[in-house]
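Remarks on the structure that follows.
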Amino acid sequence: MTEFRESLDAPNGQPNPNISIDENDIVPAVPRPLAVVTRSATSVIAAPRASAPVAKAAQTAPPRRFKKPTKRNVAGGVVMAFAVGLIATMALPAYAFGNGNAAFDAKNSTDLAGGAQSITVDDTAAALSVSRDAYTAPTSEQLQAARDAAAAAVAATEASTASASTTPTAGTFAVNPPSGSYSGQAVVDYAQQFVGVVPYSAGATPEAGFGCDGLTQYVFGQFGIYLPRIVGNQAAMGIRVSPEDAQPGDLVVWPMYHIGIYDGAGGVIDSPDWGRMVEHRALWGSYYFVRIV
């Protein structure tokens, strides 16, 4: 009460004359009740609590029923299969020979070996006649005569070379033309004039000298037949013939390295090597014949 009165006093501490207060008119202040806030049970919904993560158990692979094959196991299986196959291969013939019985019957070998067989041949097949070609092998006398002729030709060449006072060189003689149209013998006769006269060289003319393929190219060229250089190329220009069918004027080919002109009697006209002349000599070594057609 005193505090309230003091508040009514003037600012200078004296009572305010404009205000009169009866103490009976003062009503004591009643304290206001505190407001109670109630929440409906249905209006509040508690948020669910987050559950802690549960660790899952690690999944384990199911046990393998079969083990992974190893190289050793595979090799053992291959060997076992091979052994079984070998045994079966050896057993089947014996089983068949024994008529399906497990025991081997030695009598079967006699029965199988003693049976007679027959075959029927058609009459048209039986009537066929055997034909024979016209080729005949040379006799020993013919072969010896060819050797003698070749030896005589070689001897004549050597004699003519030895009788010359000086060694002829290319370009110091006149070349005779072919005596007639193309034939094997005409080729031999034309090539014979260079024997002992034209020296060996890498050329393909009498003036420059002859290589082995140069001689054949030049000689056949005089009859209008072109042969390329190189032994293999010239051999491919004709057809191969057997020694029994070889004729004068055929090419004699030593594979890959030499070629000459066959004289028809076991000899050859060729240009052999450096430091030597064109020669007419006997055949030697391994060779074959080619005919220009």
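- The heavy-atom pair separating G203 from A208 by the smallest distance is CA-CB, 4.5 Å.
- Heavy atoms only, all atoms of each residue included: G214 and R229 are closest at N-NE, 3.8 Å.
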Only distances under 3.5 Å count here; give the side-chain donor-acceptor pairs of residues 174-189 to other protein atoms, sequence neighbours excluded, each with its distance to 0.1 Å.
unit_1: S183; atom_1: OG; unit_2: A186; atom_2: N; d: 3.1
unit_1: Q185; atom_1: NE2; unit_2: D189; atom_2: OD1; d: 3.0

Distance-only criterion, 3.5 Å: show the donor-acceptor pairs between side-chain atoms of residues 253-262 and protein atoms not counting sequence neighbours.
unit_1: W254; atom_1: NE1; unit_2: W284; atom_2: O; d: 2.8
unit_1: H258; atom_1: NE2; unit_2: D270; atom_2: OD2; d: 2.6
unit_1: Y262; atom_1: OH; unit_2: G266; atom_2: N; d: 3.2

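- By the 4.5 Å heavy-atom criterion applied to side chains, V195 and I269 are counted as neighbours.
- F194 and F220 fall within the same hydrophobic cluster, where Ile, Leu, Val, Met, Phe, Trp and Tyr residues are linked whenever their side-chain heavy atoms come under 4.5 Å apart, directly or through other members.
- Residues C212 and S271 share a closest heavy-atom pair of CB-O, 3.6 Å.
- Y287 and V268 fall within a single hydrophobic cluster, where Ile, Leu, Val, Met, Phe, Trp and Tyr side chains are chained together by heavy-atom contacts under 4.5 Å.
- Remark: D263 engages no residue in a salt bridge (charged side-chain N to carboxylate O under 4.0 Å, His left out) (not counting sequence neighbours).
- Cluster annotation: L227 and V278 are assigned to the same hydrophobic cluster (Ile/Leu/Val/Met/Phe/Trp/Tyr, side-chain heavy-atom contacts under 4.5 Å, transitive).
- Separating the CZ atom in F289 from the CZ atom in R291 is a distance of 10.0 Å, to the nearest 0.5 Å.
- Hydrophobic cluster membership differs between L283 and V231, with clusters built from Ile, Leu, Val, Met, Phe, Trp and Tyr side chains linked at under 4.5 angstrom.
- Under the rule for a salt bridge (charged side-chain N to carboxylate O under 4.0 Å, His left out), R240 has no partner lying at least two apart in sequence or in another chain.
- Shortest non-hydrogen contact noted between S201 and G209 is OG-C, 3.0 Å.
- Formation of a donor-acceptor pair under 3.5 Å by the D213 side chain with backbone atoms of I230 is found in this model.
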For this session: Give the intermediate values and the outcome of side-chain contact (heavy atoms from CB on, under 4.5 Å) for residues M277 and V197.
Result: CA-CA 6 Å; M277 299 291 180; V197 178; over 6 Å; no

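- Without hydrogens or angle criteria, D245 side chain to S242 main chain gives no donor-acceptor distance under 3.5 Å.
- Judged as a side-chain hydrogen bond (donor to acceptor under 3.5 Å, both in side chains), the pairs with a partner in residues 215-226 (not counting sequence neighbours) are, in order, T216-Q234.
- Residue V79 shares its hydrophobic cluster (ILVMFWY side chains chained together at separations under 4.5 Å) with no other residue.
- The closest side-chain heavy-atom distance from M237 to I292 is below 4.5 Å.
- Side-chain rings of F210 and Y200 stay apart, their centers remaining 6.0 Å or farther from each other.
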